[in-house]
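Here's the structure we're looking at; comments come further down.
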Amino acid sequence: MSRLIVVSNRVSPPNAAGEETVGGLAMALAAALREYSGLWFGWSGKTTPVFTGALDTETVDGVTTAVVDLEEADLDEYYNGYANKTLWPLFHYRTDLAAYDRVYGEGYSRVNKRFAATLAPLIKPDDVIWVHDYHLIPLGRELRALGVKNRIGFFLHVPWPARQVLTTLPGHKRLVEAMFDYDLVGFQTAEYLQAFEDYVLFEAGGSQPGTDRLRAFGRTIKVGAFPIGIDAPEFARMLRGVTARRMRDLMSASTVFRNLIVGVDRLDYSKGLEERFMGFERFLADNPDMRREVLMLQIAPVSRESVEAYQEIRGRLDALSGRINGEYADIDWAPFRYVNRNYRRDELAGIYRAARAGLVTPLRDGMNLVAKEFVAAQDPADPGVLILSRFAGAAGQMREALLVNPNSPEEIADALKRALSMDKTERIRRWSALFAGVQTEDVTAWRDAFVGALAGAKERRAALAS
Ligand code: ADP
Ligand code: F6P
């Protein structure tokens, strides 16, 4: 079997204690790599005064990671800048928040060159390379420029936006052109794949030589939709563990005679937290008879704190959560708990298990693994109800959830009422269908589908000739 080299900005090896690692990409890659004697390469999360390309390598739980420090300017211009102030808002349809600054673009291109130069000497002729997410779109092009001939695939974890949105990005064509240096380009859903095809056909003057092929910029690539999943067996194992059961008991004890509603998200403006808080507020206002029977718990660890938009939303959420409790709390009771901490994964599993409703309402999301974790954690005999945004990639697979428009606090309030009033037969029916999907469309299926398709992609040389 060829060696698999996974490349992503964030590298987060699994650790023995099942500690927290926030972000769907890290969760999925740790799980996906476990069975490959491969390598996971990327940023260390640390800075150094001068970039040296020195690698810090370690092997944990059978996964070898090799990480490199970046300079402070790289962090500002590449990670906080182009990745998180330009591409992230744009790909999540927040053109109002997208910043266009040439310096960011230069930092992005510099770091991709640096990653390529550091990685290239580690690559052996038979290795298969799998590059991840919006931070590293040009990495394939940089590796090709250094003479790397291996199969290289790219997977985008976030949405691919509609052509009309993408074209607001200065230099959009160059970004898309770089994607044609991969052998396979994968998206989370058929909808994002279609948006990419639409760009290639109508903006880049490309063609579609086959159902899973696109040709433009003088090159042909294979494309596909590969919905990511959770590590279902590992999740089931955690759920049976002492920590998860203790956490479930703790949550159940603190919600006696009350229904727990839970939300778990990185504190990100794409997650629809403001609208969700307002939806809960609306639910309390509309349903005085149900008020004292609920507790909403929102867990939202802070994320990308150096970016202003993230500081601003944090301030607004603090104010909103204070307003809700100020309005509705009593001396012996408060409706809302809002915490900004990370939890261990097995603790989260126990929290989900204790909940009667899971609120997963991003305004846009590539997939959303929390929705799948919530379902995986439920008691088959008495499951909770998933309320899911129709704009999460997961909505394409999870049709039995209560699907809502996350922009509408009213719809969220109505869905909460419906979830909390739903009889057990309907809850079990909906959950059984969701659970079956989460079990079969898991992270192993995702990895095998992508790596299989990459192995089946034509040799690069042959592709160039076609
Ligand atoms: P994203 O990749 O945008 O953060 P996902 O929902 O796909 O969104 O993935 C989030 C992952 O991070 C999930 O696996 C979730 O369990 C984890 N996570 C989110 N919040 C926390 C937290 N407070 N503590 C630990 N893990 C968290
Ligand atoms: O899943 C999308 C994603 O942006 C990943 O690429 C990333 O690792 C994760 O969310 C968390 O964000 P960050 O790495 O910026 O903390």
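Order of appearance sets the numbers: ligands from 1, and atoms from 1 within every ligand. Keep in mind it's a predicted model, so treat the numbers as computed, not measured.
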Atom [atom1] of [X]: over 12 foreign heavy atoms under 6.0 Å:
X: Gln164; atom1: CD; value: yes
X: Arg427; atom1: CZ; value: yes
X: Arg316; atom1: CZ; value: yes

Subject >> Close N or O approach (Arg341, ligand 1; < 3.5 Å) >> reply: yes
Original post:
For Trp88, is at least one N or O under 3.5 Å away from an N or O on ligand 1?
Top reply: no
**OP:** Find all atoms of ligand 2 within a distance of less than 4.0 Å from any non-hydrogen atom belonging to Tyr134, and give their numbers and elements.
**Re:** 4 (O)
**OP:** Check ligand 2 against Tyr79 and write out every atom of the ligand that is under 4.0 Å from a heavy-atom position of the residue.
**Re:** 13 (P), 15 (O), 16 (O)
Original post:
Does ligand 1 have any atom that is closer than 4.0 Å to a heavy atom of Phe374?
Top reply: no
**OP:** May I ask you to decide if the ring planes of Tyr134 and Trp88 are parallel, tilted or perpendicular, using 30° and 60° as cut-offs?
**Re:**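 Rings of Tyr134 and Trp88: tilted, as their planes differ by 30° to 60°.
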Original post:
In terms of ring plane angle, is the pair Trp130 and Phe450 parallel, tilted or perpendicular, where the classes change at 30° and 60°?
Top reply: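 Because their plane-to-plane angle is under 30°, the rings of Trp130 and Phe450 count as parallel.
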Subject >> Distance flag, aromatic centroids of Phe187 and Phe226, threshold under 6.0 Å >> reply: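 No; Phe187 has its ring centre 6.0 Å or more from that of Phe226.
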Original post:
What about Tyr82 and Tyr104, are their ring centers closer than 6.0 Å?
Top reply: no
Hey, looking at [atom], which of [options] has the closest heavy atom?
atom: atom 1 (P) of ligand 1; options: Lys271, His157, Arg345, His92; answer: Lys271
atom: atom 4 (O) of ligand 2; options: Met367, Gln188, His135, Arg304; answer: Arg304
atom: atom 11 (C) of ligand 2; options: His157, His132, Arg266; answer: Arg266

[X] heavy atoms, cut-off 4.0 Å: which ligand 1 atoms fall inside?
X: Ile299; value: 23 (N)
X: Tyr352; value: 16 (O)
X: Glu373; value: 13 (C), 14 (O), 15 (C), 16 (O)
X: Arg266; value: 1 (P), 3 (O), 4 (O)

Original post:
Among side-chain atoms of Glu58 and Thr65, is any donor-acceptor pair under 3.5 angstrom?
Top reply: no
Original post:
In a check of side-chain hydrogen bond (donor to acceptor under 3.5 Å, both in side chains) between Asn9 and each of Trp43, Tyr78, Tyr79, which one passes?
Top reply: Tyr78
Check [X] against ligand 1 and report side chain, backbone, both or neither, counting heavy atoms closer than 4.0 Å.
X: Val370; value: both
X: Leu348; value: side chain
X: Val264; value: side chain

Subject >> Asn112 side chain to His135 backbone, donor-acceptor under 3.5 Å >> reply: yes
**OP:** Check whether any N or O atom of Asp133, backbone or side chain, sits under 3.5 Å from an N or O atom of ligand 2, and answer yes or no.
**Re:** yes
